[in-house]
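Worth saying up front: this structure is predicted, and the values here are computed from it rather than measured.
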Amino acid sequence: VQTCALPICAALGAGVRHVVVDNFDEMDRIEAVVAAGAPAPRVQIRVTPGIAVHTHEAIRTGQDDSKFGFNLRNGDARRAVDRAIASRAMEFVGIHCHIGSNVFVAANFAEAATVMAALAREVGAREVTLGGGLGVLTVSGALLTGLVAHQHVGYALALSAGVTIEDVRMHHVGAMGVIGQLSRDITLRRLDISVREGSGRIVSVKADATHFVNCEGMIRMEDCRFDNMLDDATNIHGIYSTVTRRIGRDGIESQLRHFQQHGICSYRPGDRVAFTDNQSMQTVCEGVVAEVRVLNAQYFELRMKDAIPEGVKTGFAITNVTRQPEVVIRGCRTGNNRPRGFLFGTNRPILVEGNTFYNSSHAIHVSGDANYWFESGPVNGLTIRGNTFQNCGYADGAAPINISPEIPKAGEGAYHRNVVIEDNTFISPNPNLLTAGFVDGLVFRRNRVEKSEAFACNAKDRPPIQTWHCRNLDVVGAEVKSE
């Protein structure tokens with residue numbers, strides 16, 4: 001990022017005729033240099049496409065809060081393109097993006113390409129440059145390579161009920177270990193997902209150890225082990241789909257946006273639907289489904305029992321608030337994996353008790369996103385009690401517990417509610433324990449902190465607890481920095 005006109009002046013003077021523009025200040029400097037006699041360059045506008053990748057935060061460059069490029073979601077990218085087209089000091093030729101370095105998920109690049117291609121068509125760009133670095137995972141000098149496709153899971157549960165997986169070992173799976181969709185009452189007891197001792201292998205499963213989408217009843221995990229995955233230990237969530245058009249007073253058409261969710265229409269007559277503004281992430285109303293019509297793998301239609309308020313617009317998100325499970329996870333161990341431990345997005349009670357975490361990033365991650373991953377939704381009643389967090393975040397300096405929904409246009413409203421974190425032990429070289437945003441009702445008490453020498457500190461300037469847009473906090477025994 002150029003902070004003065006000298007590099008631009010030197011570049012144009014040396015014959016450089018193709019410039020990637022990163023911000024409006026650079027456009028000012030180009031116009032000033034050209035007004036002083038330099039030739040007008042061809043320019044590409046660097047776009048921040050809103051792609052959040054799993055890599056170290058210092059080398060993520062495509063998410064909405066990146067300091068690089070023009071934000072697409074808030075309109076800056078289009079304003080920059082319009083200015084470049086209108087300016088006599090530059091010739092607009094195309095758009096560019098860079099989503100980050102050391103990226104291991106090829107689908108992130110596909111998502112960026114989709115976003116950029118749509119913008120290129122809209123603005124008439126002749127050139128599209130896609131940037132970002134594929135990662136190479138090394139462990140103790142070993143090079144790990146593998147196929148991108150995750151096609152063969154260990155256990156796939158769909159439209160099932162009363163399933164128990166007990167005393168099972170899974171040492172290598174080419175995709176997720178266990179995935180459950182539209183199912184209810186699932187118990188994992190003494191499930192061991194880890195590399196076989198003495199095998200010399202580095203990876204157990206190539207994606208999440210477990211993953212549950214729009215399940216119901218109770219999801220229970222007891223005395224399980226989730227180690228050496230290339231993704232998270234579990235992810236329990238619903239789906240946000242997008243309202244694409246309104247049909248009369250009581251109907252909508254909706255699209256499943258993320259390619260990994262195609263074919264999963266969770267709605268049945270009688271289910272409750274939350275209509276959510278995808279920018280503020282606030283629910284504006286709820287309704288009850290009367291009829292469901294599936295059009296294809298991406299699109300479906302819903303007719304509600306009552307009229308849908310006029311305030312519900314195309315682009316809003318919907319999610320099924322009926323088909324969400326209660327969760328109990330006790331006595332489990334997870335770590336030695338690439339990113340995180342447990343991810344939650346359910347409005348039923350969640351209890352995480354007596355577990356041990358040693359993940360390279362967040363041990364517990366609570367989000368909610370209706371614009372990229374499209375994973376719902378708000379939690380209401382999360383208890384994290386009596387767990388041990390051991391050197392979590394050793395790879396990226398992330399806090400062991402992270403509660404951060406993706407909200408493009410923040411307002412005053414909360415997203416998550418009623419979170420209690422008590423009687424846990426944090427053992428870490430880093431001072432940061434919790435980051436939390438948009439929570440109403442957050443309790444942090446009777447937690448013990450021990451200094452670890454196992455890894456170098458990589459988050460030395462961060463406070464123990466950092467919050468933003470939170471209210472009704474009850475924090476005892478830790479410094480809090482609020483924004």
- Message: Taking side chain to side chain donor-acceptor pair (under 3.5 Å) as the definition, give me every residue that meets it alongside Glu375, ordered by chain and number, with sequence neighbours left out.
- Response: Asn235
- Message: Suppose we screen for side chain to side chain donor-acceptor pair (under 3.5 Å). Which residues come up paired with Glu422, at least two apart in sequence or across chains?
- Response: Arg385, Arg445, Arg446
- Message: I'd like to know if Arg83 and Glu31 make a salt bridge, using a cut-off of under 4.0 Å between side-chain N and carboxylate O.
- Response: yes
- What pairs of residues pass the ring pair (Phe, Tyr, Trp, His ring centres under 6.0 Å) test when at least one of them lies in residues 280-302, not counting sequence neighbours? Tyr267-Phe300
- Query: Under a 4.0 Å N-O cut-off, is there an ion pair linking Arg338 with Asp396?
  - Reply: no
- Within the distance-only criterion (no hydrogens, no angle test), does the side chain of His416 pair as donor or acceptor with the backbone N or O of Val379 below 3.5 angstrom? yes
- Note on the structure: Which of Asn337, Leu230, Asn228 passes side chain to side chain contact (heavy atoms under 4.5 Å, CB included) with Val203? It is Leu230
- Message: Do Ile421 and Val443 make a side-chain contact, defined as non-hydrogen atoms from C-beta onward lying under 4.5 Å apart?
- Response: no
- Close side-chain approach of Pro408 and Arg73, heavy atoms under 4.5 Å: yes
- With sequence neighbours left out, write down each residue that passes side chain to side chain donor-acceptor pair (under 3.5 Å) with Thr276, or none if nothing qualifies. Thr283
- Message: Taking the side chain as everything from C-beta on, heavy atoms only, tell me whether Val273 gets closer than 4.5 Å to Val289.
- Response: yes
- Task: Verify, without hydrogens or angle tests, whether Ser87 (side chain) and Ala89 (backbone) share a donor-acceptor contact under 3.5 angstrom.
- Result: yes
- Could you walk me through whether Asp369 and Ser367 pass side chain to side chain donor-acceptor pair (under 3.5 Å), step by step? CA-CA 7 Å; Asp369 168 31; Ser367 186; over 6 Å; no
- What pairs with Phe109 under side-chain contact (heavy atoms from CB on, under 4.5 Å), at least two apart in sequence or on another chain? Ile99, Val103, Leu134
- Answer with yes or no after comparing the ring centroid distance for Phe275 and Phe316 against a 6.0 Å cut-off, counting only values under it. no
- Do you see a donor-acceptor pair shorter than 3.5 Å between the side chains of Asn71 and Asp76? no
- Polar side-chain atom of His262 near backbone of Leu256 as donor-acceptor pair, under 3.5 Å: yes
- Query: Does the His362 side chain pair with the main chain of Ala399, one donor and one acceptor, at a distance under 3.5 Å?
  - Reply: yes
- Quick one: are Thr210 and Leu188 in side-chain contact, heavy atoms under 4.5 Å? yes
- Item | Pair Arg348 + Glu326: basic N to acidic O under 4.0 Å | no
- Message: The criterion is side-chain contact (heavy atoms from CB on, under 4.5 Å); which residues satisfy it with Glu301, sequence neighbours excluded?
- Response: Arg245, Ile247, Glu253, Arg293, Leu295
- Query: Yes or no on salt bridge (Lys or Arg N to Asp or Glu O under 4.0 Å) for Glu222 and Arg189, after CA distance, side-chain angles and deciding distance?
  - Reply: CA-CA 5 Å; Glu222 297 175 343; Arg189 185 175 293 119; 2.9 Å; yes
- Task: Using a strict cut-off of less than 4.0 Å between a Lys/Arg side-chain nitrogen and an Asp/Glu carboxylate oxygen, indicate whether Glu91 and Arg126 qualify as a salt bridge.
- Result: yes
- Query: Do Phe438 and His469 have ring centroids that are under 6.0 Å from one another?
  - Reply: yes
- Task: Take Ile30 and Val19 through the side chain to side chain contact (heavy atoms under 4.5 Å, CB included) test and state the conclusion after the steps.
- Result: CA-CA 10 Å; Ile30 289 174; Val19 176; 4.2 Å; yes
- Fit a plane to each ring of Tyr372 and His258, take the angle between them on a 0 to 90° scale, and name the class: parallel (under 30°), tilted (30 to 60°) or perpendicular (over 60°). perpendicular
- Audit row: Ser204, Phe226, side chain to side chain contact (heavy atoms under 4.5 Å, CB included) steps and yes/no: CA-CA 9 Å; Ser204 57; Phe226 306 117; over 6 Å; no
- Query: To the nearest 0.5 Å, what is the distance between OG1 (Thr383) and CG (Asn418)?
  - Reply: 9.0 Å
- Asp232 side-chain N/O to Thr234 backbone N/O, donor-acceptor pair under 3.5 Å: no
- Message: Nearest 0.5 Å, please: how far is CG in Asn214 from CD in Gln181?
- Response: 9.0 Å
- Message: Between the side chains of Arg268 and Asp271, is the shortest nitrogen-to-carboxylate-oxygen separation below 4.0 Å, so that they form an ion pair?
- Response: no
- Heavy-atom nearest pair, Pro378 first then Tyr415, reads CB-O, 3.1 Å
